[in-house]
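One structure below.
Because only heavy atoms are used, hydrogens play no part in the values below, and waters and symmetry mates are left out as well, while side chains stay in. Within every chain, numbering begins at 1; the chains are lettered A, B, ... in the order of the sequence lines, protein sequences first and strands thereafter. All figures in this text were calculated on a predicted structure; none of them were measured in a lab.
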Amino acid sequence: MVDLSIDIAGLRLKNPVMPASGTFSEDLAGVFDLERLGAHVTKTITRGVREGNPTPRVCEAGGSMLNSIGIPSKGATAFLEKVVPFYRQYETPLVVSISGNTADEFAALCEQVSVDGVAAIEVNISCPNVEEDGKAFAIRPSSTYEIMQRLSAASSLPLWAKLTPNCGEVPDVAKAAEDGGADALVVSNTILSMAIDIQSRRPKLGNLMGGLSGPCLKPIALRMAYQCARAASIPVIGCGGISTAEDVIEYMMAGASAVQVGTATFIHPTAMLTILEGLEAWLVAENIASVRDLIGCVIDGEQDLATSAMAVAQ
Amino acid sequence: MVDLSIDIAGLRLKNPVMPASGTFSEDLAGVFDLERLGAHVTKTITRGVREGNPTPRVCEAGGSMLNSIGIPSKGATAFLEKVVPFYRQYETPLVVSISGNTADEFAALCEQVSVDGVAAIEVNISCPNVEEDGKAFAIRPSSTYEIMQRLSAASSLPLWAKLTPNCGEVPDVAKAAEDGGADALVVSNTILSMAIDIQSRRPKLGNLMGGLSGPCLKPIALRMAYQCARAASIPVIGCGGISTAEDVIEYMMAGASAVQVGTATFIHPTAMLTILEGLEAWLVAENIASVRDLIGCVIDGEQDLATSAMAVAQ
Amino acid sequence: MLQERQDTVAPDEFTAFQMRLEVKHNAPVNGEYRTLVLNAPKHLLDLCRPGQFFNLLCPQTGGETPYLRRPMSIYGFYPERNELHFLYKVTGAGTRALSVLRDGDDLDVFGPLGTPFSIEDHWRHLVLVARGVGLATLAPLALEANRLDRKLTAVCSARHPDFLMSTDYFRQLGAEVIAVTDSDGSSGLENLRAILENLIARRKADAFFTCGSNRMLRLLQQIGETHGIPGQIALEQQMACGIGMCQCCVRPFRRDHAVVNLRVCLEGPVFDIAEAIAW
Amino acid sequence: MLQERQDTVAPDEFTAFQMRLEVKHNAPVNGEYRTLVLNAPKHLLDLCRPGQFFNLLCPQTGGETPYLRRPMSIYGFYPERNELHFLYKVTGAGTRALSVLRDGDDLDVFGPLGTPFSIEDHWRHLVLVARGVGLATLAPLALEANRLDRKLTAVCSARHPDFLMSTDYFRQLGAEVIAVTDSDGSSGLENLRAILENLIARRKADAFFTCGSNRMLRLLQQIGETHGIPGQIALEQQMACGIGMCQCCVRPFRRDHAVVNLRVCLEGPVFDIAEAIAW
Ligand SMILES: Cc1cc2nc3c(=O)[nH]c(=O)nc-3n(C[C@H](O)[C@H](O)[C@H](O)COP(=O)(O)OP(=O)(O)OC[C@H]3O[C@@H](n4cnc5c(N)ncnc54)[C@H](O)[C@@H]3O)c2cc1C
Ligand SMILES: Cc1cc2nc3c(=O)[nH]c(=O)nc-3n(C[C@H](O)[C@H](O)[C@H](O)COP(=O)(O)OP(=O)(O)OC[C@H]3O[C@@H](n4cnc5c(N)ncnc54)[C@H](O)[C@@H]3O)c2cc1C
Ligand SMILES: Cc1cc2nc3c(=O)[nH]c(=O)nc-3n(C[C@H](O)[C@H](O)[C@H](O)COP(=O)(O)O)c2cc1C
Ligand SMILES: Cc1cc2nc3c(=O)[nH]c(=O)nc-3n(C[C@H](O)[C@H](O)[C@H](O)COP(=O)(O)O)c2cc1C
Ligand code: FES
Ligand code: FES
C-alpha cells in the first residue's frame, strides 16, 4: 500500500489532491463521492453580496480557458448557514476561500468564517485591493506582508495564501506571505488575459479581461510553485493546469506538498479521481512508499534561483 | 489594392508583419525573400561576448515551447562588421535588438549600434539588471523610466522598448517607458516558466527555468498589448503566440500598430508570408482599405481598464 | 491526455455521469441539422427527463480544437433500446467536430444535467411552440405527455417547409401539429398569436412550453398574463462546468419583485416563462 | 491552424523549402525501425546531399501533440523516381505520430538542411561505421561514394543480426560489408579496433564516417590520430528552427585550441571527428 497522506501546516490530508477554488461546489457530490478528495475548497466568498460580472463570463483561448466570473457571492451569512453545514457530513477537511476589497473587510471576514467545521482558510490575496488603486495585494511583497499580518491576527485557523502570477517578484512575495503569518501558499491563481472576437470586434468576455487557466497556465504556475518552495519554508500547494497524474508528480517534484485541480474538472468532471488513481498507480509502479517522497525531489543541482532567472535573459 | 503600410514613430513599414528577436536570422534568406517583411529584427546582442546557457535550451510544454538560450552573443563589434552589412542589401528597415546588464553597458551599446543601416533599436529591457538584484528593468515603472532615460540620451534613433510579462503593473511600466523616452513598445517577451521530466526528475531545460512562447502566451500578451495601447500614446507592436492572420487582426484590434512573429516561424518557416497573405485577403474580403483602420478598433465600450482588471477579482 | 473514467461508482447513488458512449448513428436530417444517436446504458437513460441536457466533450479532430464541453439537449432517450439522441446544428468548432464522428467512435458525455420540464397534474392540454433546435429540447416532452396521457398541440415553425423537422414524430405521438413557415408568411407574430388564442378559446391550452427565442418569450408572456396560462421556457447560455460550480451561465430573472441571476445549467435550463427576462 | 504554403518562390533561388509531401509508404523494417517514403518534387531532391536532414512537422494525431519539428536524416533521395526516404526509430511523441501516417497522407517537411558530408578528391577508400539510426544518415553517403567511384567498406553494428539493416543495400552498391553484433560479441570495442586497424593496414581506409555514438567517436579519434586518418561524424542535438536562428542546438567543439559552441543544424550535423568532443 502506498501512503498518500500529506501534512499541510499541521492539517492532515488523506491525499494531496483537492479542488481549486471556484471550480468546485456541493453539486459535484451528484457525480462522485467527495469523501475521496484530500480536502474540499469552496469558491471565494466576500463578506457582502456581490453580483459578479456581465456575461459572457468564460471563453476558450488556444486550448485553455479564460474566465471573468467576478466572484458573485451570497455573502458570509448565507455561506455559514448553508454551505459550511453541507460539508460537515464529510470527514474531509473543509478549506474556505475568502477575499476582501480592503484589509478591514478581509480581516473581518477571516474572523467570521473561523468556525467549527472549517479546517483552514484560503485567503485569496490575488484579489484587488481598493486601497491600493485596485492592485492585487499579492503583486507586491509589502502589501502581501501587511495583509497577511492583519489576517493572521484575525484567525487561529491555518491560513493558506493564494498567490497571483501577475507579479514580477514571486519569490519575494512568497517570503513576505510567510513572514506575514501564512501557513501555506497556494500557487497560483489565473493570469490576466484577453481574447477578441474578430468578427464582432468585441472582447470575448463581458468584462474585457479575464483569467487564463488550464493547460497553458501549467509551465508558468509550475515555475512559481518551484520558486515559492525554494523561497519559503511553509508548504506549497500547486495549482494551474493540472489535468493528469503526471502533472501532479511534476508539481510535487518541483516542491509542492499538495495540488489543486481547477479547469480540468470542467472538462472531465471526474478528473480528480482519475488523477488520484493514476498517482497511486505510478507510485506503486515506481516502488515509492510515500507520496511525500516526491516533494521537492527535482534534481536541480542546487542551481541558484536568481542566477537562473537572470540567465533566462529575456 | 489594400494599403498594408504602417508608421511606427516616423518609421514607415510596408506592412505590419516582422520577426521577433531571437527567432530570425540571415539564414532565413535561404527560405524566402526577406524583402517581403515589414522590418528585420535581429537577435538581441550584448556588448561583449556571451556563451549562452547549457543545453537543453528548448523543450515543449503543453503545445507551446520553453527556451532558455541565454543570449549567446558574438559581441557588438562582430555584429557591426558582419550582420549589419548583410541587411544593407534590403530596403526593409533593420531593427537591432540590444541588451545590457547594467545601465552603463546598455547605454554604451545603444550608442555603438546607432549606425548607418540601422533604422531603429529595440531595447530589450526585459533582461535582468544586475544592479537591481537581477530583476529585469521592465518589471518596475521606476527602473523602466530610468533605463529609458539613459538609453534615449544615448541614441537619436527611434527606441522600441520590449516589455516583459513577468510584471504585475504593465500599464504603469508602459507609461514609464513612454515618459522615459521610448518611441514604441514591443509587447511582449516570454513569460518565465518551467518543465520537469518526471522520469529523470530533471528540469527539461539546462537552466532550470525558461521563457514560454507560442500559442499559450497569446491571451496574456494580447491583454498586455491592449493595456499598453490604452495606457501609453506611443505605438504598440504586438508579440506573443501569433501564428495566423486572425491573430494579427486580434492584436491590431486590441491596439497594436504592427506585430512580431516568433515561435511560429520555427513551426512553419514561411509563417510570416502566410500570415501576410492571409491578412491581405481578409482585408479585401472585409472591404477594409487600410490595415491601419484595424488599430484599436475593438468595441470595448470604453470600459475602465483598472475597473476591469479589478473585476477579474482573481 | 486525461483518460476517461468509466462508472467507478454505484449507478444508483449519483445524478450525473461522465462516460464514453459509442456512436450508433450520426447523420444529417436536412441541410442544417444532424441527429446523433449514442449507445447508452439503461441506468443512464433511466435518469433522463425532458428538458435536461448533456455536456458533450467534442473530439479534437480535423484541425478543430474545442476545449470546453458543449451543452446539448436530450432529443430522445429510449431505455428499452439503449439509445440517447441529440439533434444539433453545426455552428462552430465543437459542433463541426461532432459532425465528423463516425459509427463506432466514442463520445465522452456528461449528464443528464439541469432542471427538467415539469407537467402539473391538472394540465390536461399542453401546447409546444418550437423552432429550429428548440425542437430537440421539446421532443422528449411530447413523449412524456403521451405517456402521461395529456393532449398535445405542437406549433412547429421553420424558415421553409423543408426545414420542418419532427412533425411526423409529434403526429405519431398523437399530437395535433400546426406547421408555420417564414416562406409562406404563416410564422409571423400576429398569425402565431391568432393560433394560440384560438387554442385558448377552444380550451386546448393549459400550459405553454417553448425554447430560446426572445420573440416567442414576449408573445407567450403577454398571452399567458392576459389569459392566466402558465408556461415554461428552456433557455441557453454559454457553459463551462454544466452542473452549477462555475457560475458562468447565469441569466437574470424576475423573482419576488427583484432581478436575480440564476444558473441556466442548474436552476435551468427550464424556467417559468413569467420569470424569464427577454434580452 | 496555420495553413501551409506551397512553393511561392522560384525553386532555384532558395536552399530549403517548407512543403507538404504525400506519403507513399510507411512501414516497419524490423521491430524497432520504420522507413517513410515521401513523394517529393525533383527540384527538392536535386538539392539534397548525404548527411543533410529535414525538419519534420509530425502530425498531431491519436492523442500525440508534438509541437516543435523533429530533425530526421535523409536516408535516401531519388530524383529519378521522386522519392525522399527516412529511416526512423519510434521513441517519443513525434516519432509515434509519424508511425501512424498512412499512404496518401500529407507530411509537412522543411529542408534539406545542414552541412553535408564532404568527400575529398584523394579519398579513394571510405570506411563507414554505423549503428542503429546512424545507418539512416550514412546510407546516402554510400550511394554518393558509388557515384563518385570510390571504394567503400561499411562496418555495420547492431544488437542482434535481426536488427542489421541496410547491409544488402550497401552490398548492392559494391561495398564490402562487415557486420558485427552484440549478441555474438563481435561489436566490442577491441574487435572494432582490430577491424579498423586491419583496414588501415590493407590501405582500405582513407577516411572514416560515423554517427552519434560517444564510444565510436573516441575510438575513431584515437585511431585517426595514431594513423593520421581524417574523418567526419554526424551529431545530434535537440532542435527548434533547424536553420541556425534559435541557437538551441549547440555543442562544444575543439577549434584553434579553444572550445567553441557550434550549431548542429547549421555548422553540422556533420563535423570533423578531430574537432568533436565526446560527451
Ligand atoms: C441547455 C442547452 C441546450 C442546447 N441544446 C442544443 C441542441 O439540442 N441542439 C443544438 O444544436 N444546440 C443546442 N444548444 C446550443 C449548443 O450548445 C451550441 O450550438 C454549441 O455549444 C455551439 O458550439 P460550437 O463550438 O459549435 O460553436 P462556437 O460558436 O464555436 O462555440 C463557442 C463557445 O460558445 C458556446 N456557445 C455557442 N453557441 C451557444 C449557445 N447557443 N448556447 C450555449 N453556448 C453556446 C459554445 O458552447 C462554446 O463554448 C444548447 C445550448 C444549451 C445551453
Ligand atoms: C540531424 C539529426 C538527424 C537525425 N536523424 C534521425 C534519423 O534518421 N532517424 C531517427 O530515428 N532519428 C534521427 N534523429 C533523432 C530524432 O530527431 C529523434 O529521435 C526525434 O526527434 C525524437 O522525437 P520524439 O518526439 O519521438 O521523441 P521525444 O523524446 O518525445 O522528443 C522530445 C524532444 O526531444 C527531441 N529529441 C529527442 N531525441 C532526440 C535526438 N536523438 N536528437 C535530437 N533531438 C531529439 C525531439 O526532437 C523533441 O523536441 C536525428 C536527430 C538529428 C539532430
Ligand atoms: C471559472 C473559474 C472560477 C474561479 N474562481 C476562483 C475563485 O473564486 N477564487 C480563487 O481563488 N480562484 C478562482 N479560480 C482560479 C482557480 O482556483 C485556479 O487557481 C486556476 O483556475 C488555475 O488552476 P487550473 O488551471 O487547474 O484551472 C477560478 C477559476 C475558474 C476557471
Ligand atoms: C528561441 C527564442 C529566442 C529568443 N531570443 C530573444 C532575444 O534574444 N531577445 C528578445 O527580446 N526576445 C527573444 N525571444 C522572445 C521573442 O522575441 C518573442 O518575444 C517571444 O518568443 C514571444 O513571441 P512568440 O510567441 O511569437 O514566439 C526569443 C524567443 C525564442 C523562442
Ligand atoms: S455552467 Fe458552470 S455554473 Fe452553469
Ligand atoms: S535548431 Fe535553431 S539554431 Fe539549430
Spatial distance of atom [atom1] ([X]) from atom [atom2] ([Y]) [nearest 0.5 Å]:
| X | Y | atom1 | atom2 | result |
| --- | --- | --- | --- | --- |
| Gln238(D) | Thr55(B) | CD | OG1 | 9.0 Å |
| Thr270(B) | Phe17(D) | OG1 | CZ | 11.0 Å |
| Gln18(D) | Thr265(B) | CD | OG1 | 9.5 Å |
| Ile267(B) | Leu57(D) | CD1 | CG | 7.0 Å |
| Tyr67(D) | Phe266(B) | OH | CZ | 9.5 Å |
| Cys248(D) | Asn53(B) | SG | CG | 12.5 Å |

Measure Gln60(D) against the heavy atoms of chain B and call it side chain, backbone, both or neither at under 4.5 Å.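 Gln60(D) has no heavy atom closer than 4.5 Å to chain B.
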
Side chain, backbone, both or neither of Gln247(D) within contact of chain B (heavy atoms, under 4.5 Å): both

Using a cut-off of under 4.5 Å for heavy-atom pairs, which of Ala93(D), Gly244(D), Ala16(D) has the most such pairs with chain B? Ala16(D)

Counting heavy-atom pairs under 4.5 Å to chain B, which of Pro252(D), Cys241(D), Gly242(D) comes out on top?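 The residue among Pro252(D), Cys241(D), Gly242(D) with the greatest pair count is Cys241(D).
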
Taking every non-hydrogen pair under 4.5 Å, which of [options] racks up the most with chain D?
| options | value |
| --- | --- |
| Arg57(B), Glu60(B), Lys43(B) | Glu60(B) |
| Gly214(B), Gly52(B), Ser68(B), Pro215(B) | Pro215(B) |
| Gly278(B), Ser25(B), Pro269(B) | Pro269(B) |
| Ser64(B), Pro19(B), Ala61(B), Pro56(B) | Ser64(B) |

Check whether more than 12 heavy atoms from other residues, nucleotides or ligands sit under 6.0 Å from atom NZ of Lys24(D), and answer yes or no.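 Yes, enclosed.
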
Near Glu91(B) CD, under 6.0 Å, is it more than 12 heavy atoms from other residues, nucleotides or ligands? no

Considering only heavy atoms, which portion of [X] lies under 4.5 Å from any heavy atom of chain D: side chain, backbone, both, or neither?
| X | answer |
| --- | --- |
| Glu246(B) | neither |
| Ala29(B) | backbone |
| Thr23(B) | backbone |

Any side-chain heavy atom of Glu13(D) within less than 4.5 Å of one from Asp33(B)? no

Anything in residues 255-269 of chain D with a heavy-atom distance to chain B below 4.5 Å? Please list those residues in order. Asn261(D), Arg263(D), Leu266(D)

Show which side-chain atoms of residues 197-205 of chain B pair as donor or acceptor with protein atoms under 3.5 Å away, not counting sequence neighbours.
{"from": "Asp197(B)", "atom 1": "OD1", "to": "Gln199(B)", "atom 2": "N", "distance (Å)": "2.8"}
{"from": "Asp197(B)", "atom 1": "OD1", "to": "Ser200(B)", "atom 2": "N", "distance (Å)": "3.1"}
{"from": "Ser200(B)", "atom 1": "OG", "to": "Arg202(B)", "atom 2": "N", "distance (Å)": "3.3"}

